[in-house]
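As structure tokens, the structure follows; a few thoughts come after it.
Indexing begins at 1, ligand by ligand and atom by atom, following the structure's order. If you're wondering where the values come from, they're calculated on a predicted model, not measured in any experiment.
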Amino acid sequence: MQITELFDIEVPIVQAPMAGVQGSALALAVSNAGGLGSLPCAMLDPAGLHNELTAISRGTSRPFNVNFFCHQQPVADPSREAAWQQLLAPWYAEFDIDPAAITAATAREPFSPALLEVLAEFRPAVVSFHFGLPDEALLRPIRTWGTRIVSSATTVAEARWLESRGVDAIIAQGLEAGGHRGHFLDDDITTQMGTLALVRRMVDAVRVPVIAAGGIADSAGVSAALALGAAGVQVGTAFLLCPEATTSILHRTALTGPDASHTALTNLFTGRPARGIVNRAMRELGYLNAAAPAFPLAGAAIAPLRVTAERRGSADFTPLWAGQNTAGCRPVPAAELLRSLAPTALQSRAQ
Ligand SMILES: Cc1cc2nc3c(=O)[nH]c(=O)nc-3n(C[C@H](O)[C@H](O)[C@H](O)COP(=O)(O)O)c2cc1C
């Protein structure tokens, strides 16, 4: 089944949820244009979620997707924190930062009963998860609303795991994709493959619709994913320059300059591998540093360096999440971008 039918949308494109760089405005623009807009909720508390869902519900009667992280919250390990801060000491000294003043990391909360309670008021058409699935007790109510449940898989084994738990569709997240890897069964990143190979193998392995994600940035790429058997695509990076996104000026500048051709997986900013544009922090600390505390705790110690550098107009310590393929990034309204991404035969259906 194609996702146009599954989600009741016009064009088979999901705008990827992208925490930190977008809110309801981008989701609304895409849903109103005939795609599936997504609201990322990893950094929203229940009140924030309520505000954003109210804005979307007022702005559209079309289907939209609400996305949550569902990681296990780690127990803070003071000795690991101390070792991490010790490693960062030369940069603290350079920026004149007192490590004693460091506060908790930017919250990245997993899906919870409190968030479910807010969601129940709105009953969105689609809910997607990153890092597996939450407990069945949290999923059961969502199923009763008729909401479609989707999650990312980065390997065939993860796709089979999700299928056995009754998801309605699976996002095949290829290695090219921007932002956090959605892996959840195995954190060995040597298991990760590119979108082309992953989609093909997943389509063969599971019966539920597979949505291709990672490096898709134009209409030909969308058509190629569909030809491989994907039921639709999820596109993130290409939307980062749209005026409806909240992407910072520093991030936009990096996306449009020569640095954008250099991306890598890094765990420095959160503790989990995520793809972003290579910057000074990544070059000097190593992209993947074994000392980084568990997700999402690593971010607390880097945050003061980021804040101080950004005040000086530098993105040296800023996570610049982006996929390998930034060729599709254009500063045009999201509806126009969506139209240009649609397979030629469907372009007239995107409004
Ligand atoms: C800036 C950015 C933030 C992201 N944040 C999230 C998120 O909050 N939730 C999620 O499920 N995926 C997130 N992703 C991953 C996307 O869902 C998707 O896998 C990816 O964007 C697809 O690859 P592409 O960026 O090459 O289009 C993010 C990606 C980017 C680029």
### Task
May I ask you to check whether over 12 heavy atoms, not counting those of Arg58, lie within 6.0 Å of atom CZ?
no

### Query
Within 45 degrees of the axis of the six-membered ring of Trp84 and under 6.0 Å from its centre: does Arg80 put its NZ or CZ there?
no

### Task
Identify whether the distance between the nearest side-chain nitrogen and carboxylate oxygen of Glu136 and Arg143 falls below 4.0 Å.
yes

### Message
Tell me the closest heavy-atom pair linking Asn267 and Pro273, and the distance in Å.
### Response
CB-N, 4.1 Å

Would you mind listing each N/O atom of ligand 1 next to any protein N/O under 3.5 Å, plus the distance?
| residue | atom | partner | partner atom | Å |
| --- | --- | --- | --- | --- |
| ligand 1 | 5 (N) | Pro17 | O | 3.4 |
| ligand 1 | 5 (N) | Ala19 | N | 3.3 |
| ligand 1 | 8 (O) | Ala19 | N | 3.1 |
| ligand 1 | 9 (N) | Asn67 | OD1 | 2.9 |
| ligand 1 | 11 (O) | Asn67 | ND2 | 3.1 |
| ligand 1 | 11 (O) | His130 | ND1 | 3.3 |
| ligand 1 | 12 (N) | Pro17 | O | 3.4 |
| ligand 1 | 17 (O) | Gln234 | NE2 | 2.9 |
| ligand 1 | 19 (O) | Gln173 | NE2 | 3.1 |
| ligand 1 | 23 (O) | Gly214 | N | 3.4 |
| ligand 1 | 25 (O) | Gly178 | N | 3.3 |
| ligand 1 | 25 (O) | Thr237 | N | 3.0 |
| ligand 1 | 25 (O) | Thr237 | OG1 | 2.5 |
| ligand 1 | 26 (O) | Gly215 | N | 2.8 |
| ligand 1 | 27 (O) | Gly236 | N | 2.8 |
| ligand 1 | 27 (O) | Thr237 | N | 3.4 |

### Pairing of Arg280 and Glu94 as salt bridge, 4.0 angstrom limit
yes

### Message
How about CZ on Arg252, more than 12 heavy atoms from neighbouring residues, nucleotides or ligands closer than 6.0 Å, or not?
### Response
yes

